[in-house]
Amino acid sequence: MTTSPSPSFPPPQDSLKTNFLSYSTFLSLLQTYNENPKQVKSIHAQILKTGFQTDINLSTKLHEFYSSQPTPDAARAARNVFTCMAKPDVLSWNLVIKACSKNGQFGQCMDLYVNMQRAGFEPDGFTLPCVLNTCAGLRSLPAGQAVHTQILKSGQNLNLYVNSALVDMYAHCGRVDYAHQVFDEMGERDLVSWNSILSGFMKGDGCEEALSLFSQMRFEGVDPNRTTLSSVIPACGRLLKLGLGRAIHGCVVKLGDEVVGDVKVNSALVFMYSKCRDMDCAERVFASMPERNVVSWNSIISGFVQNERSNEAWDWFKQMKMEGVDESEITLTSMVMASYGLVQGRMMHAYVMKMGLMRDEIIGAALIDMYAKCGNLKDARRVFDEVPRNEMGSWNSMILGYVRNGFPRDALNLFSLLQVSGLRPNSITLVGVLSACADLGIPQHGRSIHDYIILKGIKVNLMVETALIDMYAKCGSVEMAREIFEGMEERDLVAWSVMISGHGLNGQANEAINLFSRMVKDGFRPDHVTFTSILSACSHAGLVQEGWDYFYQMTQVYGIAPKSEQYACMVDLLGRAGKLDEALSLIKGMPIEPGVSVWGALLGACRIHNNIELGGYSAEKLFELDPKDAGYYVLLSNLYAVAGRWGDVKRVRELMKAKGLQKPPGCSWVDLDGNVHEFYVGDKTHPQSVKIYEKLEELGMEMKELGYVADTNLVLHDVEEEVKEDMLSSHSERLAIAFGLINTRPGEPIRVTKNLRVCSDCHRVTKLISKIVGREIIVRDAHRFHHFERGQCSCGDYW
DNA sequence: GTAGGGTTAG
């Protein structure tokens with residue numbers, strides 16, 4: 001169809017045969033064959049040869065044909081026909097605009113739209129929906145709004161189609177609010193308008209709106225079709241409304257075979273049941289599908305992944321390949337998530353590379369997450385540096401990877417990089433960096449993130465508010481945490497729980513208890529999480545009786561069957577208080593299999609009270625359960641070290657190594673005017689190192705005068721860090737405290753954060769230091785706050 | 001003429 005239009009008329013003499021065909025013959029031929037693309041093409045070729053292409057009637061016929069074909073080729077042909085027209089009319093303009101709009105030639109479409117108006121034609125009710133669709137396709141709100149303004153100015157009577165297209169355009173451009181406004185003002189609505197606005201809400205974050213609109217639609221007597229259903233069913237899934245989902249499933253069945261067999265409706269059902277954790281139903285729907293495509297497969301596969309049934313996800317993936325269905329980026333994202341451990345993860349990474357999909361940001365985010373979950377931050381970062389980073393996915397995975405693996409400072413560094421990249425952090429990013437600040441325990445850092453949120457005018461949601469509360473509480477600013485909590489417009493159970501445990505963490509068990517009562521009075525029904533908070537608050541304060549009371553309340557009043565976590569709190573509470581036998585008998589009486597956290601709590605208590613026998617027993621149980629947390633291995637090896645059982649220490653360390661677990665080195669840090677000073681065990685790299693050790697020696701002399709004798713058992717504590725003579729005296733928290741003493745004015749409190757638990761000897765030493773120097777020393781370790789003052793600690797030696 | 005299902009980070 002590349003023949004350029006020949007201006008010659010009458011027709012050239014060399015095509016005698018075709019000369020027999022007159023203008024009217026062509027017209028009737030086109031009418032006869034207008035269903036057959038091949039025939040039309042050959043007629044078109046002959047028309048070009050004979051020079052009839054400038055005729056308006058023939059051109060229009062050809063044009064109509066090409067414009068209705070859904071291929072880019074046809075759209076090009078339509079444009080060619082159009083350019084040949086001497087005097088295109090409104091219909092011709094509309095046809096060519098539609099052809100471009102339908103085939104994704106959005107730029108061309110917008111150009112034609114402008115030219116049409118230049119040529120003196122007013123866009124009508126046919127033109128406008130096409131142009132608005134193009135704006136929707138371009139996701140260009142300005143263009144869409146310009147068209148909208150123009151429509152309003154021209155005083156055109158907005159018909160149903162134009163209105164529906166406006167709704168759809170705003171929905172696609174991410175302005176559901178505008179879409180809703182147009183929708184509300186529409187005089188007449190049909191099913192398509194309803195479907196447009198519903199899908200608009202589904203594109204954004206508007207599942208709830210979509211569902212309430214759906215019920216309004218039903219109320220107005222509009223019957224849904226398969227399009228409506230495939231919009232609304234996933235909304236039930238996302239909101240975990242299994243009951244409503246089932247009801248709508250019933251609706252599907254009532255609508256008959258055509259809808260029951262629809263791929264999209266069925267895929268939506270599989271998705272909905274998967275989200276609601278009903279994999280039996282999901283599988284049943286999937287099995288019953290008369291037709292499946294890659295989306296259906298993705299729904300069932302991701303369903304199993306999200307329900308932590310990776311093995312079955314792999315089985316379905318293999319099945320899918322066997323049936324010859326090609327996977328999509330989304331399939332691979334799920335399969336990366338389904339990878340268990342480094343070996344399988346690397347295999348998927350290689351496969352993604354082979355498929356040339358490393359430019360896919362979501363797969364990238366999943367890969368980063370996979371490596372981070374394996375504790376392999378090097379490879380996570382390698383992927384992060386390689387993949388495109390135009391959206392928040394890869395950033396968030398990397399930031400959270402750092403946080404989860406105990407590298408909060410790297411998380412914050414990455415956040416600084418993000419700020420200069422020009423991207424806008426979302427709520428997940430903020431939750432991540434706030435939790436990094438919480439881990440660091442330095443109020444100034446968290447404060448600066450909070451300031452950033454306020455400065456940028458970022459609207460905080462419930463999740464971010466809760467993260468702020470958690471951060472302030474963990475940084476020791478429990479008052480600020482409480483202020484935010486009191487200022488919240490709405491609170492959920494998590495917010496209450498975080499605030500309760502915040503008080504507990506800061507040794508304010510009574511505040512925690514009061515808040516718990518207030519929560520119940522406010523009509524909240526405490527759940528597992530809330531009880532974990534209140535039980536751990538009791539544990540921090542050594543409130544054994546109160547702990548039992550809450551445990552009783554949980555089981556007897558609220559009928560909540562405690563899980564391992566809540567039992568672990570009780571074991572912790574009893575264990576710290578020295579009631580190890582009581583703790584053990586609680587474990588023995590558990591109706592469920594005690595998990596890692598339960599035995600870990602008992603082991604921790606055994607470590608405090610140096611109970612080798614029971615500790616060894618818990619250790620055996622821990623070995624069987626195969627914990628992934630390096631902390632338990634450290635506790636274990638420390639316990640053995642105290643008892644001098646070096647063979648066992650070695651065994652535990654080898655086990656750790658075999659599992660690829662690394663003990664994070666003991667590290668403490670102090671904030672001095674916004675600069676973080678970090679100290680590792682035996683650290684001599686700090687510029688003030690000499691002064692610090694001098695200070696420690698000086699303090700050591702004074703401590704001896706007060707009767708301090710180092711606990712020699714504990715010297716052997718950190719054997720993994722090549723045994724050093726002065727091990728104990730150079731524990732990171734002591735270096736940090738000495739540094740704080742040197743660099744602050746007398747009387748100022750000193751705040752230190754430590755990544756692991758404070759050891760008992762350091763605890764004793766810090767008490768003495770607070771007495772000698774007459775300062776308040778606040779140490780936050782992996783577990784809680786210790787306020788040292790005048791030789792005492794707020795934890796009452798329960799820790 | 002207009003409309004639809006599946007993926008990451010908490």
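The chains referred to below are lettered A, B, ... by the order of the sequence lines, with proteins before strands, and numbering in each begins at 1. Computed from heavy atoms alone, side chains included, the values below leave out hydrogens, waters and symmetry copies.
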Per A:Y161 side chain, nearest of listed nucleotides B:dA9, B:dG1, B:dG4
B:dG1
Using the side-chain heavy atoms of A:R226, tell me which of these nucleotides is nearest: B:dG4, B:dG5, B:dT8.
B:dG4
Go through B:dA9, B:dT2, B:dA3 for me and flag the one nearest to the A:V192 side chain.
B:dT2
Over all strands shown, is A:G125 touching base, sugar-phosphate only, or nothing at heavy-atom distances under 4.0 angstrom?
base
In whole angstroms, how far is the P atom of B:dT8 from the CG atom of A:L423?
20 Å
Over 60° means perpendicular and under 30° means parallel, so classify the ring planes of A:W93 and A:F121, tilted if in between.
tilted
The side chain of A:S196 is closest to which nucleotide in this list: B:dA9, B:dA3, B:dG1?
B:dA3
Would you mind checking if A:D439 and A:K474 are paired as a salt bridge, meaning a charged N to carboxylate O distance below 4.0 Å?
no
Among B:dT7, B:dA3, B:dT2, find the nucleotide with the atom closest to the side chain of A:N225.
B:dA3
For a ring pair (Phe, Tyr, Trp, His ring centres under 6.0 Å) with A:F384, tell me which candidate from A:W395, A:Y402, A:Y371 qualifies.
A:W395
Shortest side-chain distance from A:S302, nucleotide among B:dT7, B:dA9, B:dT2:
B:dT7
Check whether any side-chain N or O of A:N133 sits under 4.0 Å from OP1 or OP2 of B:dA3, and answer yes or no.
yes
Within residues 252-267 of chain A, the residues having a heavy atom closer than 4.0 Å to DNA chain B are A:D262, A:V263, A:K264, A:S267
Looking at A:R404, I'd like to know whether one of its side-chain N or O atoms comes within less than 4.0 Å of OP1 or OP2 on B:dA9.
no
Would A:R79 count as a cation-pi partner of A:F82, with NZ or CZ less than 6.0 Å from the six-membered ring centre and within 45° of the ring normal?
no
Indicate, with a heavy-atom threshold strictly under 4.0 Å, whether A:R189 touches base, sugar-phosphate, or nothing.
nothing
Determine the contact category for A:I428: base if any of its heavy atoms lies under 4.0 Å from a base atom, sugar-phosphate if only primed atoms, P, OP1 or OP2 are that close, otherwise nothing.
base
Is A:E258 atom CD crowded by more than 12 heavy atoms from other residues, nucleotides or ligands, each under 6.0 Å away?
no
Table please: side-chain donor-acceptor pairs of residues 94-101 of chain A below 3.5 Å, with sequence neighbours left out.
unit_1 : atom_1 : unit_2 : atom_2 : d
A:N94  : OD1    : A:T127 : OG1    : 2.6
A:N94  : ND2    : A:D124 : OD1    : 3.2
A:N94  : ND2    : A:D124 : OD2    : 3.3
A:S101 : OG     : A:C130 : O      : 3.2
A:S101 : OG     : A:T134 : OG1    : 3.4

Looking at every strand, decide which applies to A:M202 at a 4.0 Å heavy-atom threshold: base, sugar-phosphate, or nothing.
nothing
Counting side-chain heavy atoms from C-beta on, which of B:dG1, B:dT7, B:dA9 comes nearest to A:P129?
B:dG1
What nucleic acid atoms does A:Q306 come within less than 4.0 Å of, heavy atoms only: base, sugar-phosphate, or nothing?
sugar-phosphate
At under 4.0 Å between heavy atoms, what does A:S328 touch on the DNA or RNA strands: base, sugar-phosphate, or nothing?
base
Determine the contact category for A:T429: base if any of its heavy atoms lies under 4.0 Å from a base atom, sugar-phosphate if only primed atoms, P, OP1 or OP2 are that close, otherwise nothing.
nothing
Under 4.0 Å, heavy atoms only, any strand: does A:R292 hit a base, just the sugar-phosphate, or nothing?
nothing
Side-chain H-bond candidate by donor/acceptor type, A:Y170 with A:H180, under 3.5 Å:
no
A:D278 bridged to A:R246 by N-O distance under 4.0 Å
yes
